[in-house]
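Before any comments, here is the structure.
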Amino acid sequence: MNTATQTAPRDRGASTPTPSRARPGHRRAGGGTGRWAAWAFLLPLAAYLLAFYAYPLYRNLDLSLRDYTVRSFVQGDAPFIGLTNFRQVVGDPTFVPALTHTVVFTAASLVCQFGIGMALAVFFHQHFRLSATLRALFLVPWLLPLIVSASTWSWMLNSEAGVVNALLRSLGFGSVNWLTSPDWSLVSVIIANVWIGIPFNLVLLYSGLQGIPPQIYEAAALDGTTGWQRFWRLTFPLLRPVSAITLLLGLVYTLKVFDIIWIMTKGGPADSSTTLATWSYQLGFGSLLPQFGPGAAVGNLLIVAAVAFGLVYIRVQRRQGGTA
Amino acid sequence: MRRTTPWWKTGLGLVLTALMLFPVYWMVNVSFTPDEDMRKSPPDWFPVHGTLDGYRAVLGQQLPYLGTSLLVGLGTVALTLAIAAPAGYSLAKLRPAGAGVVNFVLLVAQMIPGIIMAMGFYAIYLNLGMLNTLPGLVVADATIAVPFGVLIYQAFMSAIPEEMTQAATVDGAGPLRSFWSIILPVSRNASITVGLFAFLWAWSDFVFASTLNGGGSLRPITLGIYQYIGNNNQQWNAIMATAVVASVPAAVLLVVAQRYIATGVTSGAVKD
């Protein structure tokens, strides 16, 4: 099935279609001209990756290892201070809360997105009337610009005028200060993030369900299993490879979520929804006195985490690609 | 399983979809709500006393931002296609040694958080004087789509039968002619897919826009909305009207691209 583009996750592309290699009939570019041509066509990409991936990353690493001020930032003569920025960041009172919030935000988002996505995938897999159309409509939250989703949720969760509190009041509950109370701000951004993440999980898991041969279910139906047993004994184990990919991709993308939190709460109030991503931005760009060095240091910690899980993802995908 | 399609499932599906899309409906509803009703409790569930004030504000204040976003989006599409199509061709058909390394780098590149890229870009652009420029934002936004584009092109082009290019090679066409007059036209659907997503991601970008173009006059629509939220907290109909307008490309993509997505891509994240 053609899922790659639909499944291309939100901000940073990446449905990572594995190109089918080594087809019979394909020749490697053997002789002289062929090899040169191959590299000539790759040249723009190579130049682009070097100039606009490698170099910014190098600059970012450089930022985190030097004592930058606004002046030396422009002049480029900041002294080398080794890991001092990293030490400062780890010792900062914001570090532990930011790390905790990142873990809670990521874990809660993943569990909810995956659970709801799985339930919806199983539901839509039953092919009722209109199911294809409705499934397509579920993609909408994922295609909207994050600023649109985040500002819509901000207004819906507004303490006095928000529709969510209006609903709570009409049901007899009290109002909740979703975005302005330190107890609720993290919950609020998780709710918005789950909403945005459901389509991605739904699409991936749905395409996984389509890969399960119907004969397996027919055999199970003969054995008289109930729907619930069928899910836990058949569907869930059979979907394990797809689930692993979905969760790992989700993990990599959730770790770096920045827009939603920044737009809805700016990490506040009082750092109650600050994650490593928003803290990095806060340090580098969020105040009048930018601290580029520590900001870049936090960013580099985040890169290490994201790439580590990313490598796990690539490993899992390779292994599955080999056996599938 | 296909034979039994009870209506209650369609009903439940409709309810779930309505729940899921409620925030989108609410955005539209608020965009028509007059200022004086904005803080009414309970709120109006339908825009019965609707106003177009919000949309008038968009036309009056946000048009330049929309123009910037359009230019940035188109520029990003052009740059992404120009880099990704030849690279995809090379990896799929010419197969240089080291193709595996390139693919690995492309996968890792997608894992890097945008906020970190933004900080590196900021440092570079500050020295080059490229902050608050359209080309600067285009180059940065293209980093979101280029790895994805190469992988899509590569997947699509490796499915093109070898015979098509062999015939041309017999006629004396070099790799450049084969690429330009055979592979590229055949890969039209891949181009459309990559282009649509490159446009959507550039149009939606907030991280690069706020770090690299935050201060200047060349701000895209995402920053237009963001500054609206900061400046006039009261005019939520204008904010939501801008959000509705900013969502148009996503809606177009959903309607138009469904067709191309289906034909454009041959393999996905999930092998089935």
Side-chain angles (χ1 to χ4, degrees), chain A residues 1-7 12-17 19 25 28-29 37-39 41-42 44-45 48 52-53 56-57 59-60 127-130 134 137 143-145 147-148 151-152 155 161 163 166 207-208 211 242 252 256 258-259 277 280-281 284-285 296 299 302-303 306-307 310 314 324, chain B residues 2 5 9-10 13 17 20 23-24 26-27 39 41-43 83 86-87 89-90 94-96 107 109-111 113 115-117 119-121 123-124 143-145 147-148 151 154-155 158 162 175 193 204 206 211 222 225 229 236 243 246-247 250 253-254 261-262 265 267-272:
Chain A
M1 265 305 294
N2 308 303
T3 49
T5 337
Q6 293 191 347
T7 59
R12 197 150 282 262
S15 66
T16 65
R28 244 174 206 288
W39 277 104
F41 278 100
L42 267 184
L45 176 71
Y48 187 80
F52 301 116
Y53 268 96
L57 284 177
R59 280 307 300 264
N60 198 60
H127 300 291
F128 45 87
R129 287 177 193 81
L130 285 179
L134 296 180
L137 284 173
L143 293 170
L144 290 180
I147 179 120
V148 167
S151 48
T152 304
W155 185 240
V163 65
S207 71
V242 180
V252 172
K256 55 185 193 183
F258 155 76
D259 317 43
S280 171
Y281 184 89
F285 300 101
L302 200 59
I303 290 193
V307 170
I314 291 173
Chain B
R2 280 164 182 278
T5 56
K9 281 184 181 163
T10 303
T17 311
M20 185 72 177
V24 180
W26 201 246
M27 168 176 82
R39 288 174 184 275
S41 180
I83 293 169
Y89 170 61
S90 173
L94 304 174
R95 326 198 120 247
L107 288 176
Q110 298 176 345
M111 313 282 174
I115 177 73
I116 282 112
M117 296 291 293
M119 213 170 277
F121 268 114
I124 296 169
T143 59
I144 307 173
F148 167 78
L151 293 169
Q154 193 181 346
S158 45
E162 212 73 4
T193 306
S204 312
F206 172 74
T211 47
T222 47
I225 300 177
I229 302 175
W236 274 89
S247 307
L253 186 79
L254 189 72
I261 288 167
V265 188
S267 58
V270 182
K271 299 203 142 207
D272 38 28

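Throughout, protein chains are lettered first and strands after them, A, B, ... in sequence-line order, and every chain is numbered starting at 1.
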Taking all non-hydrogen atoms of both residues into account, name the closest pair between [X] and [Y] and its distance.
X	Y	result
P96(B)	A38(A)	CB-CB, 3.6 Å
A161(A)	W155(A)	CB-CH2, 3.8 Å
P147(B)	Y53(A)	CG-OH, 3.4 Å

**Asked** Is chain B contacted by the side chain of F258(A), its backbone, both, or neither, given a heavy-atom distance below 4.5 Å?
**Response**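 Interface part for F258(A): side chain.
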
**Asked** Under a 4.5 Å heavy-atom cut-off, does chain B meet the side chain of L57(A), its backbone, both or neither?
**Response**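 L57(A) touches chain B through side-chain heavy atoms alone.
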
**Request:** Using a cut-off of under 4.5 Å on heavy-atom pairs, state which of P23(B), A246(B), A243(B), A87(B) scores highest against chain A.
**Result:** P23(B)

**Message:** Let's test your reading of the structure: which of V307(A), T152(A), V252(A) forms the most heavy-atom pairs below 4.5 Å with chain B?
**Reply:** T152(A)

**Item:** Y89(B) versus chain A, the contacting section by heavy-atom distance below 4.5 Å
**Value:** side chain

**Request:** Under the ring pair (Phe, Tyr, Trp, His ring centres under 6.0 Å) rule, collect the residues that match up with F52(A), sequence neighbours excluded.
**Result:**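 Expected list: Y48(A).
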
**Item:** Counterpart residues, side chain to side chain contact (heavy atoms under 4.5 Å, CB included), relative to L137(A) (two or more places apart)
**Value:** L134(A), T17(B), L21(B)

